[in-house]
Amino acid sequence: MNIKNQFYIFISMIFIGLVTFFAYVNAYALAKSEDTAKALMSSINSEISALEKQLTSISTLYPDCSEESRISLETMTLNNSLLKEVIFIRNNTTICSDRSTTLTVEEVADFEIDKLMPDQKYGIYQMYDKKSGNTAIFFMMHINSGWYQLHFDKKYLELWMKEISSHHNVYAYIYDKSRKYISNLHNINTSDSIYYKTFMESEIFPTGIAVGYTQPLLLSLILKFLPTGILLIIINATGISLITRYYIFKRVPLHAEIQKGIYNKEFYAEYQPIVSANSGQWIGAELLVRWLHPKKKKVMPAEFIPAAEQSGQINAITLQLLEQAAQDKASMISIDRPFYLSINVTASMIASPHFVQAVTAIISHNPRLQSGIVMEFSERENFSNTDVSLLQNGMQALRDQGIKWALDDFGTGYAGLSTLQALSFDIIKIDRAFVAASATDSVTKSILGNIAQIGHNLNCLLIAEGVETMEQAEHVKALDIQSCQGFFYAKPMPFERFLAKFKVHSTLPEEVSPSVQEIVGVQP
C-alpha cells in the first residue's frame with residue numbers, strides 16, 4: 001500500500017468518524033430530550049392530580065362557597081407555590097374565590113365552557129391579567145357541581161421548568177392541547193428555534209410539554225463531547241489505517257507477494273539522469289526499481305526492498321532489471337550518444353558466485369551489456385559481514401565482462417581507505433547529506449572538499465547525489481566533481497520519457513570527459 005492510499009484511508013476514516021460523532025450527538029440529544037420530557041410530564045401530572053384531589057375533597061366535605069370551603073381553598077393556595085388564586089364558577093359565572101365570597105358576577109373571559117365536549121372536564125388557557133398587567137395562565141377543572149379556575153403563577157412555573165431543564169441541559173416549554181404556547185423561557189416562541197424537539201402530551205390533562213435544544217445549548221453539547229470525540233476519531237482513523245496496512249501486507253506474506261511479482265514481471269525501473277556538472281548534458285542514468293502491483297498500483301522501494309533483501313528475492317529482481325536494461329540499451333544505442341546505465345546491487349550479492357554466474361550468463365546472451373553498464377553498492381552496507389576476497393573475485397569476474405563499479409553513499413558507511421583501494425572502484429557517489437549541507441554549513445563544506453579530494457586521488461569519477469538547488473550545483477562544480485544527480489536536474493521517470501528527453505539533453509562523444517569516456521566505453 002503506497003502512502004497516497006494510506007492517506008486516503010486515513011481521511012476516509014476521519015470523515016466516517018465525524019459522521020459517527022454527529023450521529024452520536026444526535027442520538028444523545030434526542031434521548032436527553034425524551035428523558036427530560038418524561039420527567040417534566042410526570043411532574044406536571046402529579047402536581048395537577050394533587051390539586052384535583054384536594055379540590056375534590058373540599059367540594060365533597062363542604063358546600064360550594066361556604067365559609068369552610070373558602071378557608072380550605074385559601075389554605076390550599078397559601079400552601080402551594082404554583083397557585084395564585086382559585087375561583088369557583090357555575091354556569092359561566094364566578095361564584096366565589098379563595099379570597100372572597102362577594103364577587104361581582106361576570107362572565108369568564110377567553111374560556112367558553114359551553115363549547116367543551118360533555119366528557120371534557122379540564123381546560124387550560126392564558127389571558128391578560130388586569131390585576132397584574134401580565135399574561136396569566138389558568139387551568140380549568142370540573143368537580144361535582146361546577147368548575148374551578150386555578151390561576152397558576154407563571155413566574156414560578158417557568159422557574160420550575162428552568163430548574164428541571166437546566167439540570168438536564170435542555171430547553172422546555174408548556175403548550176395546550178392545540179400545541180399553543182402556554183409558558184416558555186428566554187422569550188423563544190417558535191419551535192423553529194429549537195432542535196431535537198420532543199413533544200409529549202399528558203394522557204389525563206389537556207396540556208403537553210416540548211423539550212429540545214436552543215442553538216447555544218446545542219453548541220454547548222457539541223463542545224462538551226468534541227475533545228473526546230476528536231481523540232477517538234484520530235485514534236480510530238490511525239488504528240484502521242494500520243490494521244488495513246497489516247491486513248494487506250501480512251495476511252498474504254509480503255515475500256509471497258514479491259515472489260508472485262517476480263513471476264509476473266511486475267518490477268520495473270525508473271530512470272534518474274546523471275548529468276555532467278560542467279555542461280548539464282545527460283551522460284547516464286541510475287535505474288531505480290519500482291513495483292507495479294496489480295492492486296496497490298506503484299509500490300516504492302522502501303516498502304518492499306528490505307523484505308526482498310532479507311529473503312534473497314532481491315537477486316531475482318535485480319536480474320530481471322538487468323535483462324530489461326539490455327532491451328532499453330538497444331533503443332539508446334540507436335541514438336549514438338555516449339551514456340551508461342547504473343544498477344544497484346549489494347556487496348553480499350557480488351560475493352555470491354551463484355549470482356555472479358547468473359549475471360555473466362545474461363551478459364553473454366546480451367553482448368550490448370558488455371559496455372556502458374555500472375553496478376553500484378552502498379557504503380552503508382557493513383563490509384565486515386562480507387568476505388572481502390569473495391567480493392573482490394566477484395567484482396573482477398564481472399569487470400572481465402565489461403562491468404564498471406561504483407560506491408554509493410560515500411562518506412557515510414564502513415569502507416576504509418584500504419578497502420576502497422582493494423576493491424578498486426571506477427565511480428564514487430558522494431552522499432546527498434554532504435551536498436545538501438555544504439551550502440549552509442562551513443564544516444560540511446570543508447568535508448565535501450576533502451571527500452572530493454579523496455576521489456581524485458583514487459582516480460575515480462565523482463558523482464554528487466541529491467543536488468536540488470543552483471547553489472549546490474555551482475558548489476559541486478567548483479570542487480571539480482565531474483557529475484551530478486538530483487531533482488535539480490530531473491526526477492526519476494519511466495524509460496520512454498527518459499529516452500525522449502535523452503535525445504534532447506545528450507552530448508557528442510568528443511564532448512565528454514576522458515573519465516566518462518572510459519565508463520561509457522568510448523575510445524578517446
Side-chain angles (χ1 to χ4, degrees), residues 33-60 64 72-73 76-77 79-90 92 94-95 97-98 108-129 134-165 168 170-185 189 191 194 197-212:
S33 297
E34 290 176 359
D35 291 344
T36 307
K38 289 177 182 179
L40 284 168
M41 198 71 259
S42 175
S43 182
I44 290 173
N45 284 336
S46 297
E47 186 71 24
I48 298 177
S49 294
L51 293 174
E52 182 180 28
K53 185 176 181 181
Q54 292 181 60
L55 290 174
T56 301
S57 176
I58 293 171
S59 178
T60 303
D64 296 335
S72 297
L73 292 177
M76 174 181 168
T77 303
N79 291 335
N80 193 308
S81 301
L82 179 61
L83 289 177
K84 294 185 70 174
E85 185 179 20
V86 178
I87 298 175
F88 179 70
I89 301 171
R90 186 185 294 127
N92 278 3
T94 57
I95 305 301
S97 76
D98 59 347
V108 181
D110 289 350
F111 188 79
E112 300 177 357
I113 297 175
D114 292 340
K115 291 185 178 181
L116 292 175
M117 300 296 292
D119 59 342
Q120 286 185 272
K121 55 183 297 187
Y122 306 105
I124 188 171
Y125 68 101
Q126 60 180 344
M127 60 174 288
Y128 182 72
D129 184 7
N134 298 317
T135 300
I137 299 174
F138 296 98
F139 191 91
M140 303 298 296
M141 187 178 297
H142 189 273
I143 297 176
N144 295 333
S145 60
W147 288 84
Y148 285 90
Q149 182 189 63
L150 284 69
H151 183 181
F152 287 164
D153 188 331
K154 189 172 186 291
K155 291 183 179 180
Y156 176 82
L157 184 62
E158 291 179 349
L159 179 62
W160 169 74
M161 281 195 299
K162 183 176 182 180
E163 288 179 352
I164 295 180
S165 58
H168 292 269
V170 294
Y171 172 83
Y173 62 85
I174 295 176
Y175 57 83
D176 62 15
K177 64 179 182 179
S178 301
R179 290 196 177 180
K180 180 181 179 182
Y181 290 86
I182 296 298
S183 180
N184 59 284
L185 306 178
N189 55 10
S191 60
I194 303 174
K197 295 183 294 295
T198 294
F199 296 98
M200 185 168 293
E201 281 80 23
S202 171
E203 296 179 356
I204 306 171
F205 306 111
T207 186
I209 191 81
V211 178

- Message: Do Ile58 and Met76 make a side-chain contact, defined as non-hydrogen atoms from C-beta onward lying under 4.5 Å apart?
- Response: yes
- Sequence-distant partners of Asp153, side-chain contact (heavy atoms from CB on, under 4.5 Å), two or more places apart: Lys84, Lys155, Tyr156
- Task: Answer yes or no: is there a side-chain heavy-atom contact under 4.5 Å between Ile95 and Ile89?
- Result: no
- Query: Is a side-chain N or O of Thr60 found less than 3.5 angstrom from the main chain of Thr56, in a donor-acceptor match?
  - Reply: yes
- Query: Do side-chain atoms of Ser49 reach the backbone of Asn45 as a donor and acceptor pair under 3.5 angstrom?
  - Reply: yes
- Message: Could you work out, with side-chain contact (heavy atoms from CB on, under 4.5 Å) as the rule, every residue matching Glu47, not counting sequence neighbours?
- Response: Asn80, Leu82
- Item | Counterpart residues, side-chain contact (heavy atoms from CB on, under 4.5 Å), relative to Ser145 (two or more places apart) | Asp64, Phe88, Arg90
- Message: Among Glu85, Gln149, His151, exactly one meets side-chain contact (heavy atoms from CB on, under 4.5 Å) together with Ser97. Which residue is that?
- Response: Glu85
- Query: Distance from Met141 atom CE to Tyr148 atom OH, nearest 0.5 Å?
  - Reply: 10.5 Å
- Side-chain touch Met41/Thr207, heavy atoms, less than 4.5 angstrom: yes
- Task: Output the distance between atom CD1 (Ile209) and atom OG (Ser202), rounded to the nearest 0.5 Å.
- Result: 11.0 Å
- Reported CG-to-CD1 distance for the pair Asp98 and Ile87, which is rounded to 0.5 angstrom: 8.0 Å
- Rounded to the nearest 0.5 Å, how far does CD of Gln54 lie from CD1 of Ile143? 10.0 Å
- Note on the structure: Nearest heavy-atom approach of Gly212 to Ser33 is CA-OG, 3.8 Å
- Message: Holding to side-chain contact (heavy atoms from CB on, under 4.5 Å), I want the full list of residues that pass it with Ser46, two or more places apart in sequence or in another chain.
- Response: Ser42
- 4.5 Å side-chain heavy-atom contact, Leu150 and Leu55: yes
- With Phe205, which residues qualify under ring pair (Phe, Tyr, Trp, His ring centres under 6.0 Å), at least two apart? Tyr122, Phe139
- Item | For Thr198, all residues meeting side-chain hydrogen bond (donor to acceptor under 3.5 Å, both in side chains), sequence neighbours excluded | none
